[in-house]
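These notes concern the structure reproduced below.
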Amino acid sequence: MKVSYKKLWKLLIDRDMSKADLRKAAEIAPNTMTKLRRDEEVSMSVLIKIASYLDCDISDICEFVKED
(Lines give C-alpha, C1' and ligand atoms only; values in the text may rest on other atoms or scores of the structure.)
Protein backbone atom coordinates (compact mmCIF):
# COMPACT_ATOMS: atom_id res chain seq x y z
CA MET A 1 0.00 0.00 0.00
CA LYS A 2 1.09 3.52 -0.76
CA VAL A 3 -0.16 6.85 0.55
CA SER A 4 -1.56 9.49 -1.81
CA TYR A 5 -2.20 13.15 -1.06
CA LYS A 6 -4.13 13.94 -4.25
CA LYS A 7 -7.16 14.77 -2.14
CA LEU A 8 -5.14 17.43 -0.30
CA TRP A 9 -3.95 19.07 -3.53
CA LYS A 10 -7.52 19.12 -4.92
CA LEU A 11 -8.79 20.62 -1.66
CA LEU A 12 -6.17 23.38 -1.85
CA ILE A 13 -7.20 24.16 -5.45
CA ASP A 14 -10.86 24.32 -4.38
CA ARG A 15 -9.92 26.75 -1.61
CA ASP A 16 -7.66 28.80 -3.89
CA MET A 17 -4.69 28.17 -1.62
CA SER A 18 -1.09 27.44 -2.59
CA LYS A 19 1.08 24.74 -1.06
CA ALA A 20 3.32 27.49 0.32
CA ASP A 21 0.33 29.16 1.99
CA LEU A 22 -0.62 25.87 3.63
CA ARG A 23 2.95 25.24 4.80
CA LYS A 24 3.17 28.63 6.47
CA ALA A 25 -0.33 28.62 7.95
CA ALA A 26 -0.15 25.09 9.36
CA GLU A 27 3.49 25.57 10.43
CA ILE A 28 4.81 22.60 8.46
CA ALA A 29 8.55 22.22 7.91
CA PRO A 30 9.77 22.58 4.31
CA ASN A 31 11.20 19.05 4.26
CA THR A 32 7.85 17.66 5.40
CA MET A 33 6.14 19.51 2.57
CA THR A 34 8.58 17.85 0.17
CA LYS A 35 7.58 14.46 1.55
CA LEU A 36 3.92 15.33 0.95
CA ARG A 37 4.66 16.36 -2.65
CA ARG A 38 6.45 13.04 -3.22
CA ASP A 39 3.59 11.00 -1.70
CA GLU A 40 5.86 9.81 1.09
CA GLU A 41 4.68 8.99 4.59
CA VAL A 42 4.54 11.80 7.14
CA SER A 43 3.73 11.69 10.84
CA MET A 44 0.19 11.62 12.13
CA SER A 45 0.82 14.91 13.95
CA VAL A 46 1.46 16.63 10.59
CA LEU A 47 -1.76 15.22 9.14
CA ILE A 48 -3.64 16.41 12.22
CA LYS A 49 -2.17 19.92 11.85
CA ILE A 50 -3.24 20.07 8.20
CA ALA A 51 -6.71 18.67 8.88
CA SER A 52 -7.23 21.05 11.80
CA TYR A 53 -6.16 24.06 9.77
CA LEU A 54 -8.36 23.10 6.81
CA ASP A 55 -11.22 22.11 9.17
CA CYS A 56 -11.61 18.67 7.62
CA ASP A 57 -11.01 15.01 8.40
CA ILE A 58 -7.74 13.21 7.69
CA SER A 59 -9.56 11.06 5.14
CA ASP A 60 -10.29 14.27 3.21
CA ILE A 61 -6.57 14.89 2.63
CA CYS A 62 -5.01 11.45 2.10
CA GLU A 63 -5.78 7.88 1.16
CA PHE A 64 -4.05 4.56 0.75
CA VAL A 65 -3.77 3.12 -2.74
CA LYS A 66 -2.64 -0.31 -3.86
CA GLU A 67 0.68 -0.49 -5.63
CA ASP A 68 0.91 -2.36 -8.91
Side-chain angles (χ1 to χ4, degrees):
M1 296 288 260
K2 175 181 155 179
V3 67
S4 171
Y5 300 104
K6 286 182 182 178
K7 289 181 171 186
L8 172 59
W9 310 136
K10 288 178 184 176
L11 187 61
L12 291 180
I13 290 168
D14 291 344
R15 296 189 182 194
D16 196 29
M17 178 182 263
S18 72
K19 293 174 184 177
D21 292 339
L22 174 66
R23 187 184 70 75
K24 292 173 187 171
E27 299 178 354
I28 300 169
N31 61 334
T32 303
M33 205 64 196
T34 300
K35 285 183 176 185
L36 289 169
R37 285 190 205 104
R38 293 179 181 171
D39 284 338
E40 296 176 1
E41 295 176 16
V42 297
S43 70
M44 184 63 75
S45 61
V46 170
L47 297 177
I48 291 169
K49 275 186 188 181
I50 294 170
S52 294
Y53 178 76
L54 295 174
D55 193 30
C56 65
D57 192 72
I58 290 177
S59 64
D60 295 329
I61 59 176
C62 68
E63 64 183 343
F64 289 106
V65 292
K66 289 186 179 181
E67 295 184 75
D68 293 335

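Scope of the values below: all heavy atoms of this structure, side chains included, with no hydrogens, waters or symmetry mates.
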Pairs flagged by side-chain hydrogen bond (donor to acceptor under 3.5 Å, both in side chains) wherever [range] is involved - sequence neighbours left out:
{"range": "residues 54-67", "value": "Asp57-Ser59"}
{"range": "residues 24-40", "value": "none"}
{"range": "residues 5-15", "value": "none"}
{"range": "residues 41-50", "value": "Ser43-Ser45"}

Worked check of side-chain contact (heavy atoms from CB on, under 4.5 Å) between Val42 and Val3 | CA-CA 9 Å; Val42 297; Val3 67; over 6 Å; no
Sequence-distant partners of Ile58, side-chain contact (heavy atoms from CB on, under 4.5 Å), two or more places apart =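 Applying side-chain contact (heavy atoms from CB on, under 4.5 Å) to Ile58 gives Met44, Leu47, Ile48, Ala51, Cys62.
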Would Val65 end up clustered with Ile61 when hydrophobic side chains under 4.5 Å apart are linked, directly or stepwise?
->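 No, separate clusters.
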Single-linkage hydrophobic cluster Phe64~Leu11, side-chain heavy atoms < 4.5 angstrom |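 In one cluster with Phe64: Leu11, yes.
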Report yes if some heavy atom in the side chain of Leu36 is under 4.5 Å from a heavy atom in the side chain of Ile50; otherwise report no.
->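 Side-chain contact under 4.5 Å: yes.
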Quick one: does Asp21's side chain get under 4.5 Å of Leu12's, heavy atoms only?
->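 No; the side chains remain at least 4.5 Å from each other.
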